[in-house]
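So the structure is just underneath, and the comments pick up after that.
Order of appearance sets the numbers: ligands from 1, and atoms from 1 within every ligand. Residue numbers start at 1 and run along the sequence shown.
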Amino acid sequence: MTTTEIKATATKYIINTYGERQLALVRGEGCYVWDADGKRYLDFLGGIAVNGLGHCHQRVVAAIQKQAETLIHVSNLYYIEPQAQLAKTLIDNSTMDQCFFCNSGAEANEAAIKLARKYTKDQGRTGRFEIITMEHSFHGRTLATITATAQPKYHKGFEPMVPGFRYVPFDDLDAVKATIGEQTCAIMVEPIQSEGGVNVPRPGYLAGLRELCDAHHLLLIFDEVQTAMGRLGKLFGYQAVGVEPDILTMAKSLGGGVPIGAMLTKAHIAESFSPGTHASTFGGNPLVSAAALATLQTILDENLTDHAVAMGRYFTEQLLKLRERFDVIEGVRGQGLLMGLILSIDGKPAAARCIENGLLTICTMDHVLRFLPPLNIDESHIDEAVQIIAKSLAG
Ligand SMILES: *Cc1c(COP(=O)(O)O)cnc(C)c1O
């Protein structure tokens, strides 16, 4: 099918929650994707931080092929070998003790929200169910996670919201302090807000949240749906920012492209999810677990976390050089390979021009071009991206 044909069919039969899209993509290889008309793009959006190893990585493809021929799905009524191996590998490489598997970021956060409430109740701290979340956060699109997401645009029309969430500005410890009360059970935060504009908190903020949680017996939940799996330069974002949460959620790049989410936590907290309290039919099924295991082992074997640090540094330097040529560039924010180019102009047409010129990116919060390239890019990909950005800003 041509782009025009795909678009006509999709528009007619798929509910229009995503609006009109510029492209129909049909094939990918490494850092590149091709549209239905054969045009190639350098993918610096990575399926929104999902394709951490790029497209169709050989080890992930091989693992999926092998698993598809062996066993695709059986449900969690049975033990699943690749799921057990994936869990062990995640835990061996973190300071957490156990995990729960689901299918998406929103579900991982739902699990975290439920666990925080249940654990708090099990501790005898009844009447405490409120979770403090941050303005400009993004936690997903289920009812509980849009409520956790402190952005009114995601609530509109879906009221009433789920009870038990309080909002404070991001990167403001005093606001958190003032909001902790008799009913608080947890604080939930992205170590770096991505969708909210690539917002990096000041040094000491996350450590300050940790201290507040310890002082008030609250759980600290890190939503690492976007920052886990090497994106910030360590396997998990919490390792990169040096603050340990009690509960950690992940999804996007966990499966190397297949849908899988996970929540990791400490043993004493995990106990509150006793048999029958939480479940997922698909969660961590053989196919997605095998894909995630291959993804994780590739990141570890190839030390892509250190590589992400080096590439992030190089990318930042090149983007900062562009600032000398374009005064619409206000700055660069981010860590590792979660990067935002801050513009003084409307970012939407700038992003559209980048795409026309062969670079996939997205504009967030009106002024920020967001880049989430695969961890295994090299300098030549960054040079190519920067050239396209320059050309697009000049236009
Ligand atoms: C994408 C995202 C989610 C939601 O994940 P889904 O898989 O779309 O449900 C939650 N939190 C953060 C930080 C995200 O980036």
Do [X] and [Y] have a side chain donor and acceptor closer than 3.5 Å?
X: Thr3; Y: Asp37; value: yes
X: Asn16; Y: Thr11; value: no
X: Asp43; Y: His55; value: yes

Under 6.0 Å from the six-membered ring centre of Tyr32 and within 45° of its axis: does the NZ or CZ of Arg40 meet both? yes
Residues forming a salt bridge (Lys or Arg N to Asp or Glu O under 4.0 Å) with Glu20, sequence neighbours excluded: Lys7
If you count only heavy atoms, which residues are under 4.0 Å from ligand 1? Ser104, Gly105, Ala106, Asn109, Phe138, His139, Gly140, Glu190, Asp223, Val225, Gln226, Lys252
Checking ring-ring contact (aromatic ring centres under 6.0 Å, His included) between His278 and each of Phe273, Tyr119, Phe101, which is the one that passes? Phe273
